[in-house]
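Counting from 1, the numbers follow the sequence of the chain as shown.
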Amino acid sequence: MDRSTPAQWLQPAGNSGGVQGVQLGVDDLQQWWHRFNDPELNALVNEALNQNLDLVQALGRLKRQRSLMGVASSTYKPEMTGGARTLQDIAAVDSYFHASIDVAWDLGLFGAREATMQVAHGELLTAQAQARGASVNLVADVVHRWLDIRMAQRQRGLLEQRVALDERALKLTQVRLQQRLGSHDAVQEVQLQLGQSRAQFYGVKESQARAAHALAVLLGRTQPDGRWLATDVQARMPQPLAFQLQVLPADLLRTRPDIESAEAAVEHAAGTLGLSRSALYPRFALSGSLLYSYNLTRNFRTTSDQMPLIGPVIDIPLFDWGRRRSQVEADEAAFDIAVKGYRQSVLEGIADVETALAGIAAQHERIEALEDMAQQLAARGDVVKRRQRLGLASEFSGLADQRAALQNQSDQAIAQGAQALAYIALYKALGGAPLPAQANAETAQ
């Protein structure tokens with residue numbers, strides 16, 4: 001199959017924030033969440049890898065498929081069966097005790113043996129890819145939900161400050177109306193701002209609860225930690241350390257679970273095609289039998305006898321050859337479809353990584369722009385404070401700048417969260433996550 005991939009990424013494979021000079025290779029993908037430098041997040045991911053029920057099911061299916069590999073390998077080995085029974089002759093005069101040992105050995109010629117093992121290996125690869133995919137999705141979801149919680153905690157704190165600021169602005173606007181310094185339209189405008197702030201607060205609160213309960217499910221818990229539902233204006237948004245991506249597009253072929261799954265589908269389709277082609281040829285098997293008979297009634301002179309038989313068994317496709325030929329054509333089409341699916345999964349994997357890299361770069365620029373805006377707002381705030389101390393401005397005149405500063409902090413938190421989510425998308429696109437210890441042990445077998 002065609003495994004051609006670009007030599008390098010189109011988007012810049014690195015960022016400029018944080019610690020410089022850190023290289024990120026394939027091996028580092030197994031512990032990528034440690035780059036957020038958050039001990040609590042590390043503990044949550046480890047708990048999920050050990051307690052998540054979806055991952056346990058995927059590992060159970062992998063263990064089952066490993067056992068079935070033994071079934072496939074024994075298909076073309078000699079089989080021995082034995083039996084014993086009593087029967088009467090047709091005249092119902094004598095009774096006999098029969099004991100027999102039968103041996104059958106399908107030789108698996110014309111590629112049947114190899115194709116059977118290829119099908120079984122493809123099914124094993126599929127189970128491995130599914131288990132790894134469950135691990136990748138689990139780690140990404142845990143980090144995602146944790147970031148959602150931290151984002152909501154910070155947003156709730158900022159919105160509480162904004163609600164308090166809007167309530168103060170409403171009181172001052174009403175005072176200005178009473179003193180004929182303002183208008184009813186100004187009061188209504190502030191009331192609308194207050195309503196919007198309260199609505200956003202309750203929306204963030206709902207999002208926080210949803211993320212907390214989702215995280216609890218991922219960890220196998222019946223209920224979330226109470227701290228996940230609290231407000232924390234000082235909540236630190238985990239930000240990953242800077243890196244230079246050393247993972248190349250060709251590395252996706254051994255790190256992305258969906259590409260591994262597509263490759264397993266090709267392996268399975270090739271094995272199925274091999275079996276259908278081998279069915280076009282005669283099937284050869286060796287068969288042997290040893291029969292021992294004992295006359296229980298002893299009406300005959302001979303009371304016991306034994307007869308050994310051995311010979312080949314040949315199954316020649318004659319009258320159903322057309323059906324078998326049609327099956328080969330159908331399996332050839334299925335194999336071609338599997339190859340096309342593999343190539344498509346490679347293209348999608350490369351596109352996912354490129355999109356994530358572009359998102360990281362865009363959010364980094366967005367954060368820098370918001371930081372510049374924050375400096376400008378801080379400078380304006382200092383000017384307003386000086387004017388207030390000199391009696392040249394009132395408290396009301398500085399409320400708009402204070403609200404803008406809070407909005408800027410909120411926008412920065414959102415941009416930081418979006419950048420962190422872009423990192424998650426990148427690591428997920430790269431197939432970054434380990435399997436738990438028991439899976440690693442099984443893989444090494």
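- Surrounding CZ of F284 are more than 12 heavy atoms belonging to other residues, nucleotides or ligands, all under 6.0 Å away.
- More than 12 non-hydrogen atoms from other residues, nucleotides or ligands lie less than 6.0 angstrom from CD of E329.
- Here the CZ-CD1 distance, from R145 to I424, works out to 9.0 Å after rounding to the nearest 0.5 Å.
- Between the side chains of D166 and S197, at least one donor-acceptor pair of N or O atoms lies under 3.5 Å.
- In this structure, R176 is positioned above the aromatic face of F396, its NZ or CZ under 6.0 Å from the six-membered ring centre and within 45° of the axis.
- Contact check for W9 versus P249: side-chain heavy atoms found under the 4.5 Å cut-off.
- Classification of R227 and E40 as a salt-bridged pair holds, one side-chain N sitting under 4.0 Å from a carboxylate O.
- Listed for the S261 side chain is no donor-acceptor partner under 3.5 Å among the backbone atoms of P257.
- A donor-acceptor contact shorter than 3.5 Å links the side chain of R113 to the backbone of L107.
- Put simply, CG on L55 and OG on S135 are 5.5 Å apart, with the number rounded to the nearest 0.5 Å.
- Salt bridge E332/R277: present, at least one basic N to carboxylate O contact under 4.0 Å.
- Side-chain atoms of Q419 and R366 form no donor-acceptor pair, as typed in the model, at a separation below 3.5 Å.
- Of all non-hydrogen atoms in R324 and A279, the two that sit nearest each other are NH1-O, 2.6 Å.
- The closest side-chain heavy-atom distance from D54 to L138 is not below 4.5 Å.
- More than 12 heavy atoms of other residues, nucleotides or ligands lie within 6.0 Å of CE in M117, so this atom counts as buried by the packing criterion.
- Between the side chains of S410 and Q155, a donor-acceptor pair is found at a separation under 3.5 Å.
- For the residue pair A356 and A425, the shortest heavy atom distance occurs at CB-C, 3.9 Å.
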Under the salt bridge (Lys or Arg N to Asp or Glu O under 4.0 Å) rule, what do R386 and D382 come out as? Steps first, then yes or no, please. CA-CA 6 Å; R386 287 196 298 269; D382 292 339; 5.4 Å; no

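- More than 12 heavy atoms of other residues, nucleotides or ligands sit less than 6.0 Å from atom CZ of R403.
- Between Q412 and N408, the side chains place a donor N or O and an acceptor N or O closer than 3.5 Å (distance only, hydrogens not considered).
- Salt-bridge formation is detected for the pair D352/R256: a Lys NZ or Arg NE/NH1/NH2 atom is positioned less than 4.0 Å from an Asp or Glu carboxylate oxygen.
- Side chains of R150 and Q153: a donor-acceptor N/O pair is present below 3.5 angstrom, by distance only.
- With contacts defined as side-chain heavy-atom distances shorter than 4.5 Å, the pair Q208/M151 does not qualify.
- Between P6 and I350 the shortest side-chain heavy-atom distance falls below 4.5 Å.
- Atoms CG and CD, on L159 and Q407 in that order, are 8.5 Å from each other to the nearest 0.5 Å.
- D38 and W146 are linked by a side-chain donor-acceptor pair at a separation below 3.5 angstrom, with hydrogens and angles left out of the test.
- Using modelled atom types, one side-chain atom of W105 and one backbone atom of Y76 make a donor-acceptor pair closer than 3.5 Å.
- Residues P317 and D320 are in side-chain contact: their nearest non-hydrogen atoms beyond the backbone lie under 4.5 Å apart.
- Taken to the nearest 0.5 Å, the CD atom of Q196 stands 12.5 Å off from the CD atom of Q191.
- Shortest non-hydrogen contact noted between A262 and S345 is CB-OG, 3.4 Å.
- Between the side chains of Q51 and R221, no donor N or O sits under 3.5 Å from an acceptor N or O.
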Would you please test R325 and V328 for side-chain contact (heavy atoms from CB on, under 4.5 Å) and show each step? CA-CA 5 Å; R325 180 68 253 181; V328 170; 2.9 Å; yes

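- Within the model, atoms CG of N42 and NE2 of H34 stand 4.5 Å from one another, a figure rounded to the nearest 0.5 Å.
- Checked by atom type, the side-chain pair T272/D331 shows no donor-acceptor distance below 3.5 Å.
- No donor-acceptor pair closer than 3.5 Å links the side chain of S74 to the backbone N or O of K77.
- Of the possible donor and acceptor atoms, none in the side chain of R162 sits under 3.5 Å from a partner among the backbone N and O of L194.
- Residues Q118 and H121 have side chains that never bring a donor and an acceptor to within less than 3.5 angstrom of each other.
- Inter-residue side-chain proximity for L109 and Y281 is flagged as unmet; no heavy-atom pair is nearer than 4.5 Å.
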For L68 and L124: C-alpha separation, side-chain torsions, deciding distance, then whether side-chain contact (heavy atoms from CB on, under 4.5 Å) applies. CA-CA 9 Å; L68 291 177; L124 176 61; over 6 Å; no

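- Residues R198 and E167 are in side-chain contact: their nearest non-hydrogen atoms beyond the backbone lie under 4.5 Å apart.
- Smallest separation of non-hydrogen atoms from L370 and A415: CD1-CB, 3.9 Å.
- Although no hydrogens or angles enter the test, the distance criterion places no donor-acceptor pair under 3.5 Å between the side chain of D148 and the main chain of A211.
- For the atom pair CG of L62 and OG1 of T126, the computed distance is 11.0 Å after rounding to the nearest 0.5 Å.
- No hydrogens or angles considered: a donor-acceptor pair under 3.5 Å links the side chains of H364 and E368.
- Here the side chain of Q130 pairs no donor or acceptor atom with the backbone of A58 at under 3.5 angstrom.
- When side chains are defined from C-beta on, Q128 does not count as touching Q65, because their heavy atoms never get closer than 4.5 Å.
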Tell me, with the steps shown, if R283 and I314 meet side-chain contact (heavy atoms from CB on, under 4.5 Å). CA-CA 6 Å; R283 184 177 69 89; I314 303 177; over 6 Å; no

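- Closest approach of A422 and I360 over heavy atoms only: CB-CG1, 3.6 Å.
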May I have the step-by-step check of side-chain contact (heavy atoms from CB on, under 4.5 Å) for T75 and D106, ending in yes or no? CA-CA 8 Å; T75 301; D106 190 340; over 6 Å; no

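- The shortest heavy-atom contact between G111 and S278 is C-CB, 4.4 Å.
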